[in-house]
Amino acid sequence: MSGWADHLIAAPIVVPMLAGAAMTLMGDRRRGPAVGLGLASTTLLLALSAALLAAADAPEVRIYRLGDWPASFGIVLALDRLSAMMVALASVVGFAAFVFSLARWHRAGAHFHPLFQFQLMGLNGAFLTGDLFNLFVFFEVMLAASYGMALHGSGIARVRAGLHYLIINLVASLLFLIGVSVVYGIAGTLNMADLAARMRDVAADDRALLEAGLAVLGIAFLVKAAIWPLGFWLPGTYAAASAPAAAILSILSKVGIYAVLRVWLLLFGEGSGASAGFGGTWLTLGGLLTVAFGSVAVLASQNLARLAGGSVLVSSGTLLAVIGLGQAAVTGGALFYLAGSVLAIGAFFLLVELVERGRDIGADVLAVTREAFGTGVDEEDGEPGERDAVGVPIPATVATLGVSFLACALLLAGLPPLSGFLAKFAMLAPLLTDGGGAPPAMAWVVTAALILSGLATVVAMLRAGMDAFWTSPAGTPQRVSVLEFLPVALLLALCAALTVGAGPALDYATAAAQALHAPADYLRAVLPAAGGGG
Amino acid sequence: MELVVSLAIGMLAGSGVWLLLRPRTFQVTIGLALLSYAVNLFIFSTGGLRTGADAILKRGEAGTLAQYTDPVPQALVLTAIVIGFATTALLLVVLLAARGLTGTDHVDGRERER
């Protein structure tokens, strides 16, 4: 515990916390300093997460002991490849959403800036902590901020959806507490590494109770990840939220996935004795049902924001189904998919707001209804050639948005040439080669589900895209400032970078997955005295 | 003692769940409050229950877990109480906003048609 480099691990929590606290003191009257401070904080977070990403790409896990107490007594922060990756994703999406909000959204309600910083603090804390109870605390910080963010801008739809979101998450938090206290009552520790080390020695009588406690804990995580049937709140809430809030919320649902990955793989890995692989089949089945539900939601959605919400469900379901198979190679692909899908969905939520801005309310519903029932004015307008003159230039804004939309569609559906395709390939290739431990039937079902959900996404995105960009623009032309388009471009450029640099990125993800599946290094780093879970 | 505490937790949790499933936002809030009491008591009881014991250890006695209950759940329950209190306050604000905007206290923002 010496030198500045060690303290870097705590910085992603401390920086937004200080920035948010300072903004709370400044109040809402003058936005200038708050904007400056927010920009400084998010930029600093980007730099920090890049440094952590580089530092984490090593076999040893870095540990930060708060107050320098040893692990089982004090609280630790742990930085490995997975947490560095998640912190980096949160910083990138946070930066993009923040810049986007500067154009107009940050003026839409009170306390946007401090809430945003506390949201980032909670996210980073949840990704870095090595302790179950601290995970709860950071979950609550993150959720408390997200309640405010989901309601940002007010309005009936937001308040109604926000109320549901709040109540469901409060119940999930209570389940989290029940799970944590059962685990503490049986195992006597809440440190994740310590818990993993004790898993094997739990008495046979207590094992069922411990597993039940962890299952309750898992349900709290899965509510966040919106697994079927716990995820009906998601599309409505995300569609109602303002664009920057929705972009941040989309990474919030990945916190649930992260918690499942971290806790489940650590506690129910190969070293856990009789409990190894507990609940994996349930994860896969739940994930598959979520994929199915998400695909139907995507196909059935009548506006773009709900479509984006549906694709969050598809992405969550895909990840859970694949993680539940419990193979390191497949998990590696899943982590690569996670990175790509967070960026793509973040970009899509921001883009949706730009596209919808120039359109009448209800235009989407009308478009879908016209398709279904064939009633509308279009057919009575005479020859299409008379109306649409050949060679009408597409406005530059629409063209740029259209290209971005196309990129999002390719990414979400997993079509070549962008990273979505590579990610699906990376997940499916190890599944289909022989020698994998998963039951072949399950592997085939997962493969089919991934491909079919891709098809559903393509169909839905094509329909939405044609309605949004190829029908004649009604009313006023849309105005999009550069400040709003830049974040979308940044996120999509990062997806493109993931595609070009797929080799190193996939190596990183595979190494992260292998470390998760064989957590000896993690245990050794957190509990040096115990010799890595002896 | 164990029976009384577990019955109390069970009654609180049962009433809480029932109220949580009611359609009025106020009932839901009270339900959440009762559930959080149940959960807090549950966390508290995982440290072990002990009656008639000295508040502080006796002179000349070595402190072991056999003589007093585990303090960690008590620390945890403090955190849980604070967080639960804050989120309930937040819920009340949202509830009032929903009541003001939608004009009804139904959780869906509109009355069910009969």
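Throughout, protein chains are lettered first and strands after them, A, B, ... in sequence-line order, and every chain is numbered starting at 1. Every heavy atom of this structure was used, including side-chain atoms; hydrogens, water molecules and symmetry mates were not. The structure displayed is predicted, hence computed values, not measured ones.
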Most chain A-contacting option - heavy-atom pairs closer than 4.5 Å, from B:Val107, B:Leu91, B:Thr102: B:Leu91
A:His164 atom NE2: more than 12 heavy-atom contacts under 6.0 Å: yes
Close contacts, residues 76-83 of chain B versus chain A, judged by heavy atoms under 4.5 Å: B:Leu76, B:Thr79, B:Ala80, B:Ile83
Stepwise side chain to side chain contact (heavy atoms under 4.5 Å, CB included) test for A:Val171 and B:Leu32: CA-CA 7 Å; A:Val171 176; B:Leu32 275 172; 3.8 Å; yes
Distance, nearest 0.5 Å, that separates OG of A:Ser181 from CG of B:Leu41: 11.0 Å
Neighbour count above 12 (heavy atom, 6.0 Å) for A:Phe232 CZ: yes
Per-residue contact mode, B:Val94 against chain A (heavy atom under 4.5 angstrom): both
B:Thr29 versus chain A, the contacting section by heavy-atom distance below 4.5 Å: neither
Pair listing, ring-ring contact (aromatic ring centres under 6.0 Å, His included) test, anchored in residues 112-132 of chain A, at least two apart: A:Phe98-A:His113, A:Phe98-A:Phe116, A:His106-A:His113, A:Phe112-A:Phe116, A:Phe112-A:His152, A:Phe127-A:Tyr258
Selection from B:Val28, B:Val72, B:Leu35 maximising heavy-atom pairs under 4.5 Å formed with chain A: B:Val72
Residue among A:Leu170, A:Leu190, A:Leu174, A:Val141 with most heavy-atom pairs under 4.5 Å to chain B: A:Leu174
Contact class of A:Ile156 relative to chain B, heavy atoms under 4.5 angstrom: both
Heavy-atom pair of closest approach, residues B:Thr87 and A:Glu140: CG2-OE1, 3.9 Å
Contact origin within A:Leu163 toward chain B - heavy atom pairs under 4.5 Å: both
A:Arg160 side-chain N/O to B:Asp108 backbone N/O, donor-acceptor pair under 3.5 Å: yes
CZ/B:Phe44: more than 12 non-hydrogen atoms of other groups inside 6.0 Å: no
